[in-house]
Protein chains: 2
Amino acid sequence: MAQTTSRTGEVMEAIRARIASRSLSRGDRLPSIRALAATLKVSPSTVVEAYDRLAAEGVVLSRPGSGFYVSAEVVTPAVSDLGTRADRAIDPLWVSRQSLDAAAAALKPGCGWLPPDWMPDAILRRAMRGLARADDALLADYGPSRGLPELRRLLARRFATEGLDIGPDQVLLTASGTQAIDLICRTLLRPGDAVLVDDPCYFNFQALLRAHKARIVSAPYTPNGPDVSSFARVVAEARPRLYITNSAIHNPTGATMSAQTAHRLLTVASAHGLVIVEDDIFAEFEPEPSPRLAAFDGLVNVIRIGSFSKTLSASIRCGYIAARPDWIEAMVDLQVATHFGGASPVAARVVFDSLMDSGYRRHVEALRRRLSGARREAAARLADLGVRTWVTPRGGFYLWGRLPDGRDGSDLARLALDEDVILAPGNVFSAAQSAPDFMRFNVGQMRDPRVFTVLKGALARR
Amino acid sequence: MAQTTSRTGEVMEAIRARIASRSLSRGDRLPSIRALAATLKVSPSTVVEAYDRLAAEGVVLSRPGSGFYVSAEVVTPAVSDLGTRADRAIDPLWVSRQSLDAAAAALKPGCGWLPPDWMPDAILRRAMRGLARADDALLADYGPSRGLPELRRLLARRFATEGLDIGPDQVLLTASGTQAIDLICRTLLRPGDAVLVDDPCYFNFQALLRAHKARIVSAPYTPNGPDVSSFARVVAEARPRLYITNSAIHNPTGATMSAQTAHRLLTVASAHGLVIVEDDIFAEFEPEPSPRLAAFDGLVNVIRIGSFSKTLSASIRCGYIAARPDWIEAMVDLQVATHFGGASPVAARVVFDSLMDSGYRRHVEALRRRLSGARREAAARLADLGVRTWVTPRGGFYLWGRLPDGRDGSDLARLALDEDVILAPGNVFSAAQSAPDFMRFNVGQMRDPRVFTVLKGALARR
């Protein structure tokens, strides 16, 4: 990401943002070099360099003696609706892109996964060696359109132990948990439909919903789940088609929904024909299972999705959807049309073999114990810096912390980025922009004391 | 697929299709059992069974003494726009779903891939064993947002040898070739935009474009590529935003575009701001490279996509997009928002190791020789049945055959399916429905003589 943090990169980004937001259209003249240099507080030679590079990319045209113009070939991509802005620090995609593309030396307390050495290395390697001996067909062929039957049967059996009694044909494998939600949105949403999320919620729900041109509405989240009366009011007023949430352990707060809240949400959902998408991705981190909307409801108004990225591997891409048969059937068609299938059969096999490995259960238990210690330690060190934890999570790797003295999380994230520390500022998670002084911390990524040194230094700067 | 071929399944499908097409809406009364039985020529008890199963799925409600009604909870899925119909034999998704979900004993001359034992087994297993010794991070972590750098660099070097000089940052890895096109459509299309395809073209282009609510227009394909004057006329009239085509070896005809045609298409495209998506998926099957639009054009108006499903493995999901830097950047964002990344790092590593394996080149050469013999043999046996090959392909595994006596390909496909033989009828490939008496044959899937016995039997029935 060196380029986008450089001065030239910032100028290029600013011009691209204006094109994306249509404040500059095809054929428009770009601002003069002198004017833009003054506005952005950079040297004129930086603007020249940026314009030249945009010209090399075909985004702008140089007309000698006349200036620079937005190229006639420029297509303003539909992705502009994702909300790309020059000020990417409060863009829901900012944390994802920074975390994914971070240099090896960067520290990532803002990212959404555990370091690779917390993952079950030996189990994964055993599964890979097993693959090397698998059938020809598994290694080379397309799989069935719903995905590997063994894994779907295993998931259906697991759901049954949680009180959700469905057949394996109601389980569809996808390439990831995110793609599962994307497929649901493509099947059930039309542009302009309202979708309800928690405030705060996992930031990528917002990026995804913007890609669908959905109208995002939100209800405040409490330590026991969504605030039910706000939830009911928003549902009645905005008539959202979907509500997307994390159950088990909520992202970013780490809170758990109570059974009472679950019941009340389902009652509201049922009365208004609201479909709930329950993302179960953190379920394995719970010490004991919390109320699950899908199990309460039996997949009438609820669609359950999940993946294995947090406890097994994020590199082995595999997610799933459990839903009503008619919706699954429609999503099978859509997944064939748009991906020619979901999870790779090879990936699904590695997941299946790993989940069946006798070491997997022990791995998850060890992970929970380790995280319990890491949460305590990180919360104490944050408290020393004046950062207060909003709730004490029952499991998982997130802490939702309020910064001291109303400090702005985005400012802090920009300062930390200069020192190669990637933070996740609160408003990235808040559709209502109600969490400027919050920050999500990943305790699994805070073992290096430099995280706290940098945080302390940034908090000291005003 | 036993269910959908059963009588009950057909009735259920017919009702679902009416709901999807909105000829039945929420709350509407279903046709009476007697009336529907007469219309569909099935017994009343079959309709009762179908209605009961739809009620169990929640699609319809039974009101004792009054009849069956479309459930108030039924959401007409957006996927209805994929064009699902009761008569699925001429649905572009029909061949895909049948081929993917075929029983092990089924023969699949209509499917779009080679049998697994034609794939480079030893190379794949070596790559898998290599994976078992890979870094922790590769096995467990998310990869960079553009995908595995080694594979992107290798692709950029390969493109350079074909005269397409781009850097690895202009290559984005995706989960499949189909997903690559989907991502391009999501970035560049708005609902209602026209998209040009060949007549005939790969059927899934149509399924995908319907999912995007694109207006599909087509131009006739000749043995030298699209008919240029029709192409120019359609472009001028319909103003399509994209043209999607297979270069190298065309699906379904097996024809190759001439350099002259390539030049003329690019001239038309450039004059009208038409973006060309060139799907290179069959390039490795060519004895020597044919004109490549991306190389002629240098990625100004052309986007190149491809995958490794046809010569390496369809189970290891990995595709790519090569395009202008600003489009790649927009697609990286969109892929993070909707998939949290593209190709799995593990899959990309297997592809990279396999392509670098010294045995891979020999595998591809052996494949070409083997296919050359298989094409000759299949063409001769088809000719014995009166099926004439439209063009003699230079490579690949497809033959585009005209049926004798104006026989209807869809009728034939239905007859063959009763004997567990999956065929690909011509109109599935034709947006203009101009190929009722054609059929696409996959010579790699025709080694079992029963294919010809069943075909002969079906042709004999009138």
Side-chain angles (χ1 to χ4, degrees), chain A residues 57-59 73 75 77-79 82 84 93 96-97 100-101 113 116-117 119 121 124-125 128-129 131-132 136-145 175-176 178-179 182 186-188 190 204 207-208 211 273 313-317 324-326 330 333-334 336-340 344-347, chain B residues 57-59 73 75 77-79 82 84 93 96-97 100-101 113 116-117 119 121 124-125 128-129 131-132 136-142 144-145 175-176 178-179 182 186-188 190 204 207-208 211 273 300 313-317 324-326 330 333-334 336-340 344-347:
Chain A
E57 289 182 1
V59 176
E73 285 93 43
V75 175
V79 78
L82 292 175
T84 307
L93 279 164
S96 311
R97 291 288 302 270
L100 290 170
D101 294 322
W113 53 90
D117 60 353
M119 294 291 110
D121 187 51
L124 286 169
R125 289 176 201 279
M128 295 293 171
R129 285 193 297 272
L131 268 187
D136 277 9
L138 183 86
L139 291 182
D141 220 345
Y142 293 91
S145 61
S176 68
T178 305
Q179 195 228 321
D182 187 51
R186 289 177 90 159
T187 304
L188 298 182
R190 296 184 183 272
N204 206 52
L208 177 63
S313 163
S315 177
I316 312 292
R317 308 298 286 152
R324 280 167 33 177
D326 54 333
D333 270 2
L334 186 60
V336 168
T338 59
H339 294 72
F340 218 78
S344 135
V346 161
Chain B
E57 289 183 1
V59 176
E73 284 93 44
V75 175
V79 78
L82 291 176
T84 307
L93 279 164
S96 310
R97 291 288 301 269
L100 290 170
D101 294 321
W113 52 91
D117 59 351
M119 294 291 110
D121 186 50
L124 286 169
R125 289 176 200 277
M128 295 293 170
R129 285 194 297 270
L131 268 188
D136 277 9
L138 183 86
L139 291 182
D141 220 345
Y142 292 91
S145 62
S176 69
T178 304
Q179 194 228 323
D182 186 51
R186 288 178 92 159
T187 305
L188 298 181
R190 296 185 184 271
N204 207 52
L208 178 62
V300 176
S313 163
S315 178
I316 313 293
R317 309 297 287 152
R324 281 166 34 177
D326 55 332
D333 270 2
L334 186 60
V336 169
T338 58
H339 294 72
F340 218 78
S344 134
V346 161

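Side chains included, hydrogens not; waters and symmetry mates left out as well; all remaining heavy atoms used. By convention in this document, chain letters (A, B, ...) are assigned in the order of the sequence lines, proteins followed by strands, and residues within each chain are numbered from 1. The shown structure was predicted, so the numbers you read here are calculated from the model rather than taken from an experiment.
Checked by atom type and distance alone, the side chain of A:Asp101 pairs as donor or acceptor with a backbone atom of B:Ser145 at under 3.5 Å. Distance alone, capped at 3.5 Å, is enough to place a donor-acceptor pair between the B:Ser315 side chain and the A:Val346 backbone.
In terms of heavy-atom pairs under 4.5 Å with chain B, the best-connected choice from A:Gln179, A:Arg129, A:Arg317, A:Met119 is A:Arg317. Considering only heavy-atom pairs separated by less than 4.5 Å from chain A, the leading option among B:Leu131, B:Asp121, B:Leu139, B:Leu124 is B:Leu139. Heavy-atom pairs under 4.5 Å with chain A were tallied for B:Ser313, B:Ala347, B:Ala140; the largest tally goes to B:Ala140.
Contacts between A:Ser176 and chain B at a heavy-atom distance below 4.5 Å involve the side chain alone, from C-beta outward.
To the nearest 0.5 angstrom, B:Asp182 atom CG is 7.0 Å from B:His339 atom NE2.
Between A:Phe340 and B:Trp113, the angle of the ring planes goes over 60°, which puts this pair in the perpendicular group of the 30/60° scheme.
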